[in-house]
Amino acid sequence: LQRAKAKAYDLEEAIGQYKKGVHKWNRNWDHRASPAAEETDGEKKKEPQSKAKRHLFLIRHGQYEMWHKDSKLKKLTELGRQQAKETGERLSLLGYDYSILYFSTLPRATETAQIISESLPNVPTESCGLLREGAPFPPDPPSKNWRPDYSDFFQEGSRIEAAFCRYFHRAPPSQEKDSYEILVCHANVIRYFVCRALQLPPQAWIRMTLAHGSITRLTIRPNGSVSLYGLGDCGHSSQDKITYS
């Protein structure tokens, strides 16, 4: 966690870079690129590098009781539970060898993860407070109905960035085969993760919309390149069960 925080975006610096149009791809974005070959006693020596890919499945929780002011009371609706069940069934049908399922500690995400786990009984689960919903970065264009204080972006954005640093990185050299991990969390968090992973302006997160129970998939290759294979996929649900908020 401390290492993740140390790598966290500086809000003022990121905004300055955005305004200057600095968007060149950073090959060593996760600080895990293999060092350049070093010559020792006339011979070049290279650090080992993994040949495995990391596949991350980002799941938005199901529809929830939005009318509660206390986030601890915002549990899934009956429709939200159906959405979570169908998402779990879809993940199971994909047939990947999932290694773990992480989930946010907020009730709506925790409950979604529990329902998904019923379809993936052999996949271990782990809660993570870093994945909670929040204000990741001042959006552009700004929202008319959602205006957190700047301090919220600073505090919550730092936490969400720490979550990004924890979960988004290329595989270590010790990893021999591709891995498949599931993260059940929230719309703001997922949209910010997508922008950061693709090295797009972080302000752009608000320009995406994700359905409840949707699946977003990103792949991180050994060389550090990142591909988005699906954003907010909800095709596993019928039209009458697809909701947004």
Side-chain angles (χ1 to χ4, degrees), residues 1 4 30 50-64 74-133 160 162-194 197 210-222 226-237 241-242:
L1 178 58
D30 61 348
S50 173
K51 296 181 179 180
K53 300 176 183 178
R54 296 187 65 239
H55 304 275
L56 300 176
F57 294 79
L58 312 179
I59 313 300
R60 189 188 180 192
H61 55 76
Q63 185 192 65
Y64 62 106
K74 294 181 178 181
K75 298 182 180 181
L76 296 183
T77 62
E78 177 56 35
L79 176 56
R81 288 188 284 272
Q82 293 177 27
Q83 293 166 338
K85 183 176 184 297
E86 293 183 351
T87 302
E89 292 172 347
R90 174 57 178 167
L91 290 170
S92 178
L93 285 172
L94 289 175
Y96 293 116
D97 184 17
Y98 304 107
S99 57
I100 192 166
L101 186 158
Y102 297 103
F103 59 92
S104 159
T105 53
L106 289 180
R108 56 189 184 272
T110 299
E111 190 176 355
T112 298
Q114 291 171 342
I115 296 173
I116 289 176
S117 290
E118 295 174 2
S119 297
L120 304 171
N122 297 321
V123 179
T125 63
E126 182 178 322
S127 65
C128 178
L130 294 177
L131 294 171
R132 299 191 314 276
E133 184 65 299
I160 296 171
F164 176 81
C165 292
R166 176 176 178 178
Y167 295 108
F168 284 78
H169 56 80
R170 70 197 78 192
S174 59
Q175 183 172 322
E176 298 179 351
K177 62 179 183 178
D178 290 1
S179 59
Y180 302 85
E181 302 173 28
I182 302 170
L183 284 73
V184 179
C185 47
H186 308 269
N188 291 2
V189 176
I190 294 172
R191 293 182 285 177
Y192 176 77
F193 283 171
V194 170
L210 302 177
H212 293 116
S214 61
I215 302 173
T216 295
R217 176 186 169 187
L218 291 127
T219 295
I220 305 173
R221 298 181 182 83
V226 181
S227 292
L228 176 66
Y229 281 89
L231 176 68
D233 181 10
C234 55
H236 48 276
S237 294
K241 292 183 181 178
I242 298 176

Donor-acceptor pair, side chain of Ser227 and main chain of Tyr229, under 3.5 angstrom:
no

Kindly state each residue pair satisfying ring-ring contact (aromatic ring centres under 6.0 Å, His included) with at least one member in residues 99-128, sequence neighbours excluded.
Tyr102-Tyr167

Write out all pairs satisfying salt bridge (Lys or Arg N to Asp or Glu O under 4.0 Å) with one or both partners inside residues 50-64, taking only residues at least two apart or from two chains.
Arg54-Glu181

Salt bridge (Lys or Arg N to Asp or Glu O under 4.0 Å) contacts touching residues 182-192 (sequence neighbours left out):
none

Holding to side chain to side chain donor-acceptor pair (under 3.5 Å), I want the full list of residues that pass it with Thr216, two or more places apart in sequence or in another chain.
none

Among all residues two or more places apart in sequence or in another chain, which pass the side chain to side chain donor-acceptor pair (under 3.5 Å) test with Thr125?
none

Of all heavy-atom pairs between [X] and [Y], which one has the smallest distance, and what is that distance?
X      : Y      : value
Glu133 : Ala187 : OE2-N, 3.7 Å
Ser214 : Cys234 : CB-CB, 4.4 Å
Pro222 : Ser50  : CB-O, 2.9 Å

Measure the spacing between [atom1] of [X] and [atom2] of [Y] and express it to the nearest 0.5 Å.
X      : Y      : atom1 : atom2 : value
Ile242 : Leu79  : CD1   : CG    : 10.5 Å
Leu56  : Thr219 : CG    : OG1   : 8.0 Å
Ile59  : Leu210 : CD1   : CG    : 10.5 Å
His55  : Arg221 : NE2   : CZ    : 9.0 Å

Using side-chain heavy atoms (C-beta onward) and a distance below 4.5 Å, is [X] in contact with [Y]?
X      : Y      : answer
Leu131 : Thr105 : no
His61  : His186 : yes
Phe193 : Ile160 : yes

Listed by chain and number, what are the side chain to side chain contact (heavy atoms under 4.5 Å, CB included) partners of Pro172, not counting sequence neighbours?
Ser174, Gln175

N/O donor-acceptor pairs under 3.5 Å from side chains in residues 87-100, not counting sequence neighbours:
residue, atom, partner, partner atom, Å
Thr87, OG1, Gln83, O, 2.9
Thr87, OG1, Gly213, O, 2.7
Thr87, OG1, His236, NE2, 3.3
Glu89, OE2, Lys85, NZ, 2.5
Tyr96, OH, Arg217, NH1, 3.1
Tyr98, OH, Leu91, O, 2.7
Ser99, OG, Tyr180, O, 3.4

Among residues at least two apart in sequence or on other chains, which ones pass salt bridge (Lys or Arg N to Asp or Glu O under 4.0 Å) with Glu176?
none

By salt bridge (Lys or Arg N to Asp or Glu O under 4.0 Å), which residues pair with Lys241, not counting sequence neighbours?
Glu86

Candidate pair Ile220 and His169, rule side chain to side chain contact (heavy atoms under 4.5 Å, CB included), full reasoning:
CA-CA 7 Å; Ile220 305 173; His169 56 80; 5.7 Å; no

Phe164 and Phe168 aromatic ring geometry - parallel, tilted or perpendicular at 30°/60° bounds
parallel

Scan the side chains in residues 109-124 for donor-acceptor partners under 3.5 Å anywhere in the protein, sequence neighbours excluded, and list what turns up.
residue, atom, partner, partner atom, Å
Thr110, OG1, Ser104, O, 2.9
Thr110, OG1, Leu106, O, 3.2
Glu111, OE1, Leu76, N, 3.2
Thr112, OG1, Gly62, N, 3.1
Thr112, OG1, Arg108, O, 2.7
Ser117, OG, Ala113, O, 2.9

